[in-house]
Amino acid sequence: MTTGAGEPPTSCDGQLSENRVLLLAVTAAIVTANAYYIHPIIARVAESFGVSDALVGAVPAFNQVALAVGIFFLLPLGDRISNRRLITLSLLAQVLALIVMAVADLFWVFVAASTALGFFTITPYLLPAYASRRVAVSRLGHVTAVLTAGVIGGVVLSRTASGVVGEFIGWRYIYWIAAGLMLVSTLALRALLEEDAPGAEASGATSYRQLISSLPMLVRRYPDVIASGVIQGLSFGIFLLLWMGIGLHFTSPEVGLGVDDVGYLGLFSVVNVLTTPLLGRWADRIGPRRARVWVATVQMAGLALLFFTGDSFWLLALPIVIISIAGPVVDVTGRMTALGAPPDIRTRLMSLYIVLMFLGGGAGSWAGTIAYDLGGWRLNISLCLACSALIVFLSVKSLRDKRR
């Protein structure tokens, strides 16, 4: 694999063991889960604060947009200062935000705390660049996939945990539990991560302002990474658009399921925790762009099946499994285009990639609740399918451009 400038990426093989990669993936799962507890309980949160289905979409939407802003302004610091220090400060800020969410009496206080939570959610997106500097190029796809599987595992388990806790104890308790888990994660990552400044050797006395101002230059120099970010933004938007619709539709009086049932439905997607690392190795063999075309096509097929499931809990399982297998691999293949760049700019390229991803996620979150208000469940599915068709088109175009 070569960079856009034709330089081979460098890494340090043997410094990061498989067991340590797995531990990093577990902590990434815990941190990632915070943004997705809202999915199965979104109707209960709306009822608790007395707001409409459309307005409650502000919670996940602002969280995702704030995450994109936080990535843009905070993640580039990973090329200059210690990842360990940056992660510790961001995790402690998230603990405070979770406590505020657990006790908030006003809706906009809850939204503000959720937004702050999103702004400081940089840890899962620092870890791939941190790991990429400590593994061989031949392991890059696999290690990236393991960390991505951790992130996806956090998303899956967060929905199940939130659904069960919200149904039987109360939705606020999930945020108290999350705050406790975050304190444990803070201690764990301080023990796992080395105290270093990854970009110090290459960037010297590079200032924060210079790091931020370098981003437009990287946009021009690495257009393929930007294309990957747009593709992943659409894919992540599909994911959130879909689950906003599921959370509202299946707990509606017409269907009558509980929020715990929505959580159980999320368990069908746990298969991707196992398949993502395997498919990451497959992407290593055939190349990320070619692999992305295949999985984007599979993703679209899974979304099309949603039109034939009706309101059946069990029929919905098959398309959810298909979408859950394909979606994370779209992300892995996109990240590989950024992590193949020189080590001293990988974190900044990941910043650009993740910003685009979460802007798409924010749009998908609110679009999901608005679409459900306007046209119900079938409008949610239609929007998902339209975005998926665009992903396939852009993936094919990226592969063809690379071959020229």
Side-chain angles (χ1 to χ4, degrees), residues 1-11 67-80 83 122 124-133 135 137 140-141 143-145 147-148 198-199 201-203 206 208-236 280 283-284 286-293 296 329-361 390-391 393-404:
M1 185 182 298
T2 59
T3 70
E7 303 162 350
T10 59
S11 56
L67 206 160
V69 174
I71 291 293
F72 185 86
F73 286 105
L74 299 181
L75 199 62
L77 289 171
D79 279 340
R80 185 169 184 264
N83 288 179
I122 62 172
Y125 313 103
L126 271 173
L127 292 179
Y130 174 88
S132 73
R133 293 187 289 265
V135 300
V137 175
L140 182 59
V143 170
T144 303
L147 294 175
T148 302
E201 298 85 353
S203 59
T206 302
Y208 175 74
R209 181 177 178 180
Q210 289 172 314
L211 286 173
I212 297 297
S213 63
S214 71
L215 294 177
M217 177 273 293
L218 293 177
V219 169
R220 294 190 298 271
R221 189 177 175 188
Y222 295 92
D224 196 38
V225 174
I226 305 306
S228 293
V230 171
I231 290 170
Q232 177 56 19
L234 288 166
S235 182
F236 193 48
D284 276 330
I286 74 169
R289 293 161 191 83
R290 185 180 172 195
R292 183 165 57 194
V293 171
V329 186
V330 172
D331 188 17
V332 169
T333 54
R335 290 175 189 234
M336 288 171 72
T337 64
L339 296 177
D344 60 305
I345 63 169
R346 287 178 189 171
T347 306
R348 277 170 284 170
L349 284 175
M350 282 299 297
S351 300
L352 294 170
Y353 176 87
I354 298 297
V355 164
L356 291 169
M357 169 181 168
F358 281 101
L359 287 176
L390 184 55
I391 288 172
F393 170 77
L394 292 174
S395 298
V396 172
K397 183 178 183 300
S398 176
L399 178 61
R400 288 178 175 175
D401 289 347
K402 188 65 178 179
R403 287 175 173 174
R404 289 175 183 170

Euclidean distance, [Y] [atom2] relative to [X] [atom1], rounded to 0.5 Å:
{"X": "Leu399", "Y": "Arg290", "atom1": "CG", "atom2": "CZ", "result": "8.5 Å"}
{"X": "Leu234", "Y": "Met357", "atom1": "CG", "atom2": "CE", "result": "12.0 Å"}
{"X": "Leu390", "Y": "Ser235", "atom1": "CG", "atom2": "OG", "result": "11.5 Å"}
{"X": "Ile212", "Y": "Ser351", "atom1": "CD1", "atom2": "OG", "result": "7.5 Å"}

Contact check, side chains of [X] and [Y], non-hydrogen atoms, under 4.5 Å:
{"X": "Ile231", "Y": "Thr333", "result": "no"}
{"X": "Ile122", "Y": "Phe73", "result": "no"}
{"X": "Ile354", "Y": "Arg335", "result": "yes"}
{"X": "Met336", "Y": "Val332", "result": "yes"}

Residues forming a ring-ring contact (aromatic ring centres under 6.0 Å, His included) with Phe358, sequence neighbours excluded: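 Once residues adjacent in sequence are excluded, the partners of Phe358 under the ring-ring contact (aromatic ring centres under 6.0 Å, His included) criterion are Tyr125, Phe236.
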
For Ser398, all residues meeting side chain to side chain donor-acceptor pair (under 3.5 Å), sequence neighbours excluded: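 Per chain and number, Ser398 pairs via side chain to side chain donor-acceptor pair (under 3.5 Å) with Asp224, Arg292.
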
Check [X] against [Y] and note the closest heavy-atom contact, atom names and distance.
{"X": "Leu356", "Y": "Ile226", "value": "CD1-O, 3.6 Å"}
{"X": "Ile391", "Y": "Ala296", "value": "CG2-CB, 3.7 Å"}
{"X": "Leu349", "Y": "Val225", "value": "O-CG1, 4.0 Å"}

